[in-house]
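Contents: one structure, followed by commentary.
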Amino acid sequence: MKAKKQKRQGDFQKVQLKVGKKKPKADNATNVNFRSKAIHLPEQLKHVDSGPTKHRQLDIMDLLSKLHHINSNIKQGALVGLRELLSAQPSMIELHASAVLSEVAALFTDKDGSVRAAAVRLLRFITQCIPAERVVPFFPLLSAHLTCAMTHISEAIQEDALRVLDVLLEHYPGLLSQRHTVLLTNFLELISQKRKAATGQDKSGKGGFALTISTNRSVTAQQWRLTVLLRLGSFLQAVVEERPLDEGVTSSIGLGMWAGEKGSVTSVDVSWEEHVFGKGRIQVFENSGAVPTPHSAYRLRPDSKAGAGMNKELCSAETVQGFAGTLVPLLLEIWVEAAGGDHVQTDSGHLLSAEAMALMFQILTILQLLRRVSPHRDQKDILDAWFRNSYLADFKHHFMKNFPYGLLEVARHKKKADGKRIRQQVAAGTVAGGNVEPLALNVTLCQVMVTLSLRGQDHVEAEDADWLGTIRVFIRETLSNGGKLSSKHLAALLEVVWRMIVTQRSRVVTDDLLQAVYVQYQQRNLAVSVRSLLLCFFSQFYIQEHQNHPHIARSRILARWLASLPVQLVQLGSRNPQLSAQLLETIHPAAARGNKDLLQSLQKNACSIYDPQEGCVVVLPVESQKRLVQILHSLPAFPAELLACLSQVCNTGRVSASLATMLIRTIHLRSPLCGWSSSSQDVPVKDVDYLSFFFTTLTGFSSEMLQALQDTDEDSLLPSSILSPLSVFATTLEQFLHHWDIVEEVCHCLDTLGSRAQCFDVIQNAIIKNLCGLVVVPDCVCAAILRCVPRLLDVNFLPSDTLLHFLSDCCLSMLNLLLQLEQSAHKRDAVWEACFAALSTVPRLLRLVLQSFRVCDLCEEELPVLAQILSLLLQHTQLRNHMMANASLLQHIIQDLTHFYGGETREQWLTDLLYCYSVTLFGHRANMGMRDIY
């Protein structure tokens, strides 16, 4: 019996559904046993304002997104739209600077030329709006994209990369110059390609660069190289200008190049707070002075980071030599190729076409900048020696063989294609480099070559005599032919002259070159910049070099120029204060050093320079006036005519009071009377002239002016009376205070003389002779006399009666004037100080003043004035004893006043006088009583 087969259970079994039964839940059934709540977002559906938009309602994010589109027209339109939007909303530029710059930089290498051109235009607009400090975080990205564009395989992209470089050099030269490590190599690759070592092309077995020629460019190979060299020169110029200036080199025309040869004064920033808690020692260096030793490696503070314009690698001579060793052979090869084409056209090697001249000028400019890259003078000397040893023979063969060069004029027929050719040249940038004058080329070549001549080596000078002689002849003819030179060309020529004189150390060469410069200096109608440049050259040349080089100190041309400076100063005057200041900057140190030629000319023209009416001392600015006063320290002699001019300069008020006191102190120190002994028999200031100068300065008016005042009839003249014996001429407040300061200095100088009695006797005789007979006297003269006499009066010397009566008249007139000065507080204080000093110091002067108060001779209007004067004298504490010494006379005056007004009613001024008198009398008796007790 067969066994019953068991059914095998399958994977998918059909579930039998029965009617009336609940359907089983599926395995993937969703559990809906949950609760939900509604979430309301009312702001979600509102319109979001994404910022300003352009005319097509596209905001900045929309425009930036379109820059990734594959269509070139859309990308170009987006760039144009970005420029329109940013022009309308300048505030968005810095807000979206990161996104805009990154997107625009990415288009430097776009395959479409119109897109690249639009990107360059947008970049130029952005760089005009964002300062360099705001671009620093994004500049590495810009530099990376620029490097990609410069090294791109497409020639068109390389050409547009140079336009990007122009924009960055114009606006961010400091940031771009920091990328020299990569960019200098990029410049080399634009005109050459690297060749492998040990090949047939390089037999030396060393790798290097070889010139390349591309037929796919829109310009010729020579034009392309000129374009690249123009940018390389601009880049090296930016490196030089943005480097840290360790020697104090300035960037002005004509000054920087000369200051680079000799270190100038640089300010040192010392922060002593950093050393307060430090335990380290501070090293002190001997004889540092204002100009530290150029070869010293000492720095007060080590540099924590590289300068803003250059990394540390490019400061060393080794780095510059490494780059120059690759670049200079390429430059020579470029010039040989360009010069070879010109020589086919003409047999005259010294005539160059405009394009070849521009190419050579750029080559020489780059060679000159390579030397200036390093800021340290010792590094420059190393570079000069290296260039001489490596390339002097090549430079002499290729450059100096046909020197000087001229322009080859070629007549060209105008063709229809000329317009297209000119547009191509403009696109390549060769038109700007083609406008090179032959003079600029020859001068630049002289600058490059003279740096290769070493100093102080006779055998080297003999070897270089051939090409240095050619340069000297060119310099002499250029400066002496009577032509007008621009300041740029003249500055370069003067640099060559300076270098040749210092290096050759020959008196013949020095006089030859300086004579040519002096011929240029003597030309008329020169531009102010040219005149200033020539003046600055002679000035710095004399100040910096004449002590170190005997052949310069003995130069006849330099002595002739120095002797002409005072004459030029007189002729120039105030017509050009800047040039006059430059003249004084040379005259002052030359006079201090005792230059005989200058001092003789200065002595001859001293009266014209220090003329009180039109002299330089009164018409020039304050700084120049101060220099002119300082020059008086070195003047050989002071004749009477000059001292008369100087006295009027002090009193006219056209120089400040402080400067006038400095002038007076200078005259005092130059006189033997001040105590300084002199071995020379010819003293600068004679004793008679010295005392005459001080008396004239003390009075403030010359004898002619005082005589003219006697016949004057002006409103400022106060009439004479019994209470004012002198007719006082009231000066202005400014003039009075100016003269008062001068009087103080005069009194101080006279007070320091050895014999006070003799000095007072001289002053007394001068007052009696010149002032006592006057009727009209200025108020400043009265105050000066009242101030000077007590200062100089010796206790053992009695003044004469004539002087005492004149002092009494002056004192009484000034007291009368004092009561009328209500608003001038400074003038009142000065007048009262002078009167008090005279009354309290000069014997019998107070008694003479009181004796002149005759009540019976006074009119009724003058009695209150007399009472006010007496009250003023009685109220002063230090005058009470002197007043009580004349008590009987004072009592008699008061009795006469009381008798005159003896009625029942008493005036207020009389009441005040009686009160002051009683207080003074009571105080004096109390003091006498206390004295008797003790």
Side-chain angles (χ1 to χ4, degrees), residues 50-52 59-68 75 78-110 115-116 118-152 157 160-187 231 234-245 302-315:
S50 58
D59 60 5
I60 189 169
M61 302 309 298
D62 297 335
L63 294 173
L64 290 175
S65 64
K66 290 182 179 295
L67 296 180
H68 299 278
K75 289 190 285 187
L79 290 170
V80 175
L82 276 173
R83 185 176 180 182
E84 294 177 359
L85 181 60
L86 296 178
S87 300
Q89 302 291 335
S91 60
M92 297 181 61
I93 297 178
E94 294 191 14
L95 186 61
H96 300 278
S98 176
V100 173
L101 289 176
S102 61
E103 296 295 341
V104 172
L107 297 178
F108 293 167
T109 55
D110 193 88
V115 175
R116 295 194 303 271
V120 173
R121 287 193 293 270
L122 179 58
L123 178 66
R124 184 179 299 276
F125 171 74
I126 294 174
T127 53
Q128 294 174 355
C129 302
I130 305 180
E133 57 270 12
R134 302 290 181 88
V135 187
V136 172
F138 321 118
F139 200 80
L141 182 61
L142 286 174
S143 177
H145 283 287
L146 174 62
T147 302
C148 293
M150 294 178 67
T151 58
H152 202 275
I157 295 179
D160 290 334
L162 296 183
R163 297 187 180 89
V164 176
L165 182 69
D166 292 338
V167 175
L168 298 181
L169 279 175
E170 180 181 358
H171 298 282
Y172 309 128
L175 298 177
L176 194 65
S177 60
Q178 295 179 5
R179 310 289 169 176
H180 60 82
T181 306
V182 178
L183 290 178
L184 291 178
T185 306
N186 294 344
F187 280 112
R231 271 58 174 209
S234 301
F235 177 73
L236 290 176
Q237 183 68 32
V239 172
V240 171
E241 292 178 352
E242 298 295 330
R243 70 178 180 221
L245 302 179
D303 297 332
S304 58
K305 59 181 179 179
M310 185 174 69
N311 291 343
K312 288 186 177 181
E313 294 83 14
L314 207 56
C315 292

Could you tell me the separation between the CZ atom of Arg83 and the CZ atom of Arg121, rounded to the nearest 0.5 Å? 7.0 Å
Contact between Leu142 and Val135 at the side-chain level, heavy atoms closer than 4.5 Å - yes or no? yes
Non-hydrogen side-chain atoms of Glu103 and Ser65 separated by less than 4.5 Å: no
Ignoring hydrogens and geometry, is there a side-chain-to-backbone donor-acceptor pair from Arg124 to Val167 under 3.5 Å? no
Would you confirm whether Ser177, through its side chain, and Pro173, through its main-chain N or O, come within 3.5 Å as a donor-acceptor pair? yes
Rounded distance [0.5 Å steps], CG in Leu168 versus OG in Ser143: 8.5 Å
Taking every heavy atom of Phe138 against every heavy atom of Ser98, the minimum-distance pair comes out as CE2-CB, 3.5 Å
Once rounded to the nearest 0.5 Å, what's the spacing between atom CD of Glu170 and atom OG of Ser234? 11.0 Å
Might you point out which heavy atoms bring Leu123 and Phe108 nearest each other, and give the distance in Å? CD2-CZ, 3.7 Å
Salt bridge or not for Arg163 and Asp160, using N-O below 4.0 Å? yes
Nearest heavy atoms of Thr109 and Cys148, plus distance in Å: CG2-C, 4.1 Å
Shortest non-hydrogen pair, Ala99 vs Ser102, comes out as O-OG, 2.9 Å
Side chains of Leu146 and Asn186: does their closest heavy-atom pair fall under 4.5 Å? no
Chi angles and distances behind the side-chain contact (heavy atoms from CB on, under 4.5 Å) call for Leu101, Leu141: CA-CA 9 Å; Leu101 289 176; Leu141 182 61; over 6 Å; no
Are more than 12 heavy atoms from other residues, nucleotides or ligands located less than 6.0 Å from atom NZ of Lys75? yes
State the CE-CG distance between Met92 and Leu86, to the nearest 0.5 angstrom. 6.5 Å
I need the Ser87 OG to Ile93 CD1 distance, nearest 0.5 Å. 7.0 Å
Could you grab the distance from atom CD1 of Ile126 to atom NE2 of His96, nearest 0.5 Å is fine? 12.0 Å
Is there side-chain contact between Pro140 and Arg179, with at least one heavy-atom pair below 4.5 Å? yes
Between Phe235 and Leu184, what is the shortest heavy-atom contact and its length? CE2-CD2, 3.7 Å
Provide the closest heavy-atom pair for Leu67 versus Ala78 in the form atom of the first, atom of the second, distance. CD2-CB, 3.7 Å
Report the C-alpha distance between Val100 and Ile60 in whole Å, list the side-chain angles of each, state the deciding distance to 0.1 Å, and finish with yes or no for side-chain contact (heavy atoms from CB on, under 4.5 Å). CA-CA 9 Å; Val100 173; Ile60 189 169; 4.1 Å; yes
Any chance you could lay out the side-chain contact (heavy atoms from CB on, under 4.5 Å) test for Leu82 and Phe125, step after step, and finish with the verdict? CA-CA 11 Å; Leu82 276 173; Phe125 171 74; over 6 Å; no
Applying side-chain contact (heavy atoms from CB on, under 4.5 Å) to Leu79 and Leu107, what does each step give before you reach the verdict? CA-CA 10 Å; Leu79 290 170; Leu107 297 178; 3.8 Å; yes
